[in-house]
Student: 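Following this message is one structure expressed as structure tokens.
Everything quoted here is computed from the prediction, not taken from an experiment.
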Amino acid sequence: MKELKEIYRVAMEDNRIDPSLYARYRVKQGLRNENGTGVKVGLTKICDVVGYQMIHGHKHDIDGQLIYRGYSVSDLVARQPEDTICGYEETAFLLIFGRLPSAQEREIFRTGLHEQINTDFINAEYETSNLLNALQIEILKLYGNDPDPDFDSLEERMSKGISILGSIPLFVFSNYHHHCFAKYPLPDKGLAENILALARRSTEYTMQEARVMDTLLMLHADHGGGNNSTFANVVITSTGTDIYSCISAAIGSLKGPRHGGAAEKMSGQCEMILEQCRNGWDDEKLECIAYKLLAKEAYDRSGLIYGIGHAIYTKSDPRAVLIKEECRKLAAEQGKMDEFILFDHFEQAAKKAMKRVKGIDCCANVDFYSGFAYRMLSIEPCLYTALFAISRTAGWIAHHLENRQSNRKLIRPANIYVGERKEINESDNHSI
């Protein structure tokens, strides 16, 4: 294998594609147009992500909106009752079934999640250090345990999806803690409170902590059909394969650091900022930290400020606005307003630095305050992306069902060949 690696290393330059060819052939790298907008590849009734308007062919930035089945996510969060934590159940029902549930239907849905939990593999040990990879294996094992995994009716696919959604939290925390939770789920609680109980191995949490977790789950439940993991799910769904394979593939996409890992990176960045500011800070010092991050002189030296900037949102990310407000309440409850104010000021400093260094207007994205929220909830950073996967499963199920129902064509885009045409000659012949 050492020799093969060396052969490949030498061959790499001949295999490189000249970046200028993408423009010459008008190929949209990353399925993005020249102005940053996404290439339109499908139709959906599930979710809309709005960050700009096109007026006379020109892109105009506006305050961001996230729309679930026609409803603003801001309105969905605002309508949640004070004495009950049920926002994620309502959101998941809305995404999957296409309308808001009645109180009775919401309870039926929650009961269905509890009753469809598969406990066959929760004590399994996997030879992998990555929780998302283990989760993929678990879901594919659910396929093997299903007596009729390829049954193609939409109702059966929905039912299998609900089983996946209900089972994932138990698997994640059983795997993480190496512990079997005999009392899961808490029958009178929703997903947010069950997750907190699993994470802490205790039911000791406040109503505001549960509300923060519920809001995070609501905000991560979907983000349109074009995000990488949902698009991966849709591409594989178009082949007609089973829902287990599609959800497993989506998790594989989310595992990638360019998609699902930003909140975990944000947590480390938070720790770095707190360490540098433990003896005091002002706005000038925070701007200095932001400039060092952009100059690859701080934290992981990637040149990124995690939690700042987004491909679609420029003026504001509605998810960041909503979770920031819940973080403010939780910080006040926990006596951590000094930390909240520090990160509020760093948000402004980072946006100013991005404008000066890169010449772009940008906003805090959902990861900026998600990382801070999970930190206040005492959730370990290695669990952030797994929690993202739990939440996003509702959206993946919804898009899987929509595409099986309406968009039945196999997704089969084309590439342009830019290699040479060659004739075989004697110098290419090698004796064996």
Student: Please indicate whether Lys336 has more than 12 foreign heavy atoms, meaning atoms of other residues, nucleotides or ligands, lying under 6.0 Å from its NZ.
Tutor: yes

Student: Looking only at the aromatic ring of each residue, does the gap between the centers of Tyr52 and His310 stay below 6.0 angstrom?
Tutor: no

Student: Are more than 12 heavy atoms from other residues, nucleotides or ligands located less than 6.0 Å from atom CG of Asn415?
Tutor: no

Student: Cut-off 3.5 Å, side chains only: do Thr206 and Glu333 have a donor facing an acceptor?
Tutor: yes

Student: Using the side chain to side chain donor-acceptor pair (under 3.5 Å) rule, take Asp300 and Tyr306 through it: C-alpha gap first, then chi angles, then the decisive distance, then the call.
Tutor: CA-CA 10 Å; Asp300 62 357; Tyr306 294 102; 2.5 Å; yes

Student: Give the C-alpha distance, both sets of side-chain angles, the deciding distance and a yes or no for side chain to side chain contact (heavy atoms under 4.5 Å, CB included) between Cys277 and Leu286.
Tutor: CA-CA 8 Å; Cys277 295; Leu286 295 179; 3.8 Å; yes

Student: In the structure I gave you, are the side-chain heavy atoms of Glu271 and Arg375 within less than 4.5 Å of one another anywhere?
Tutor: yes

Student: Would you say NZ of Lys292 has more than 12 non-hydrogen atoms from neighbouring residues, nucleotides or ligands within 6.0 angstrom?
Tutor: no

Student: Treating Ser316 as the side-chain partner and Asp63 as the backbone partner, does any N or O pair qualify as donor plus acceptor under 3.5 Å?
Tutor: no

Student: Hey, is the main chain of Val235 close enough, under 3.5 Å, to the side chain of Ser238 for a donor-acceptor pair?
Tutor: yes

Student: Is any side-chain N of the basic residue among Lys329 and Glu326 closer than 4.0 Å to the acidic one's carboxylate O?
Tutor: yes

Student: Side chains of Thr230 and Asn233 only: does a donor on one sit below 3.5 Å from an acceptor on the other?
Tutor: no

Student: Take Asp61 and Tyr313, measure what side chain to side chain donor-acceptor pair (under 3.5 Å) needs, and give me the verdict at the end.
Tutor: CA-CA 8 Å; Asp61 296 327; Tyr313 304 122; over 6 Å; no

Student: Any salt bridge linking Lys315 with Asp361? Criterion: basic side-chain nitrogen under 4.0 Å from a carboxylate oxygen.
Tutor: no

Student: Do other residues, nucleotides or ligands put more than 12 heavy atoms under 6.0 Å from the CD1 atom of Ile360?
Tutor: yes

Student: Without swapping roles, check the side chain of Thr44 against the backbone of Ile46 for a donor-acceptor pair under 3.5 Å.
Tutor: yes

Student: Using the six-membered ring wherever Trp is involved, compare the ring planes of Phe343 and Phe368 and label them parallel, tilted or perpendicular (cut-offs 30° and 60°).
Tutor: perpendicular

Student: Please list, chain by chain and in numerical order, all residues satisfying salt bridge (Lys or Arg N to Asp or Glu O under 4.0 Å) with Arg26, sequence neighbours excluded.
Tutor: none

Student: Taking NZ, NE, NH1 and NH2 as the nitrogens, is one of them in Arg200 or Glu209 under 4.0 Å from a carboxylate oxygen of the other?
Tutor: yes

Student: Between Leu95 and Trp396, is there a side-chain heavy-atom distance shorter than 4.5 Å?
Tutor: no

Student: Distance-only, no hydrogens or angles: does the Asn228 side chain make a donor-acceptor pair with backbone N or O of His259 under 3.5 Å?
Tutor: no

Student: If we only count heavy atoms from C-beta on, is the Tyr299 to Ile273 side-chain gap below 4.5 Å?
Tutor: no

Student: What distance do Leu383 atom CG and Tyr374 atom OH have between them, rounded to the nearest 0.5 Å?
Tutor: 9.5 Å

Student: Got a donor-acceptor contact below 3.5 angstrom from the Glu402 side chain to the Lys45 backbone?
Tutor: yes

Student: Do His114 side-chain atoms and Gly166 backbone N/O form a donor-acceptor pair below 3.5 Å?
Tutor: no

Student: Drop me the distance from Leu387's CG to His220's NE2, to the nearest 0.5 angstrom.
Tutor: 9.5 Å

Student: Would you say the side-chain atoms of Tyr143 and Asp150 include a donor-acceptor pair closer than 3.5 Å?
Tutor: yes

Student: Salt bridge check, Lys324 against Asp344: does any charged N sit closer than 4.0 Å to a carboxylate O?
Tutor: yes

Student: For the residue pair Gln80 / Glu90, report whether a side-chain donor-acceptor contact shorter than 3.5 Å exists.
Tutor: yes

Student: With a 4.5 Å heavy-atom cut-off, do Gln116 and Ser159 have their side chains touching?
Tutor: yes

Student: Let me know which of Val212, Thr215, Leu216 forms a side chain to side chain contact (heavy atoms under 4.5 Å, CB included) with Ser370.
Tutor: Leu216

Student: Short question: side chain of Arg69, backbone of Arg99 - any donor-acceptor pair under 3.5 Å?
Tutor: no

Student: Stepwise, does the side chain to side chain contact (heavy atoms under 4.5 Å, CB included) test hold for Phe97 with Phe109?
Tutor: CA-CA 11 Å; Phe97 295 93; Phe109 182 75; 4.0 Å; yes

Student: Hey, can you tell me if Phe340 and Tyr369 have their rings parallel, tilted or perpendicular (30° and 60° cut-offs)?
Tutor: tilted

Student: If only side-chain N and O atoms count, and only distance matters, is there a donor-acceptor pair under 3.5 Å linking Asn365 with Arg319?
Tutor: no

Student: Under a 3.5 Å cutoff, is there a donor and acceptor pairing between the side chains of Asp242 and Ser245?
Tutor: yes

Student: Output the distance between atom CE (Met218) and atom CZ (Arg211), rounded to the nearest 0.5 Å.
Tutor: 10.0 Å

Student: To the closest 0.5 Å, what do you measure between CG (Leu66) and CG (Asp222)?
Tutor: 7.5 Å

Student: Could you walk me through whether Glu287 and Arg356 satisfy the side chain to side chain contact (heavy atoms under 4.5 Å, CB included) test, starting with their C-alpha distance in whole Å, then the side-chain angles of each, then the deciding distance to 0.1 Å, before giving a yes or no?
Tutor: CA-CA 11 Å; Glu287 286 185 34; Arg356 289 181 179 174; 3.7 Å; yes

Student: Atom OG of Ser74 and atom CD1 of Ile67: how far apart are they, to the nearest 0.5 Å?
Tutor: 8.0 Å

Student: Under 4.0 Å between a Lys/Arg side-chain N and an Asp/Glu carboxylate O for Arg110 and Glu115?
Tutor: no

Student: Using 0.5 Å steps for rounding, measure from the NZ atom of Lys160 to the CG atom of Asp146.
Tutor: 3.5 Å

Student: Looking at Lys28, I want to see if its NZ is surrounded by more than 12 non-hydrogen atoms of other residues, nucleotides or ligands under 6.0 Å.
Tutor: yes

Student: Can a donor-acceptor pair be found between the side chains of His400 and Thr237 at a distance below 3.5 Å?
Tutor: yes

Student: Strictly distance-based, threshold 3.5 Å: is any side-chain N or O of Thr111 a donor or acceptor partner for the main-chain N or O of Glu107?
Tutor: yes

Student: Between Lys351 and Glu347, does any NZ, NE, NH1 or NH2 come within less than 4.0 Å of an OD or OE carboxylate oxygen?
Tutor: yes

Student: Hey, is the main chain of Val366 close enough, under 3.5 Å, to the side chain of Asp317 for a donor-acceptor pair?
Tutor: yes

Student: Ignoring hydrogens and geometry, is there a side-chain-to-backbone donor-acceptor pair from Ser248 to Tyr244 under 3.5 Å?
Tutor: no

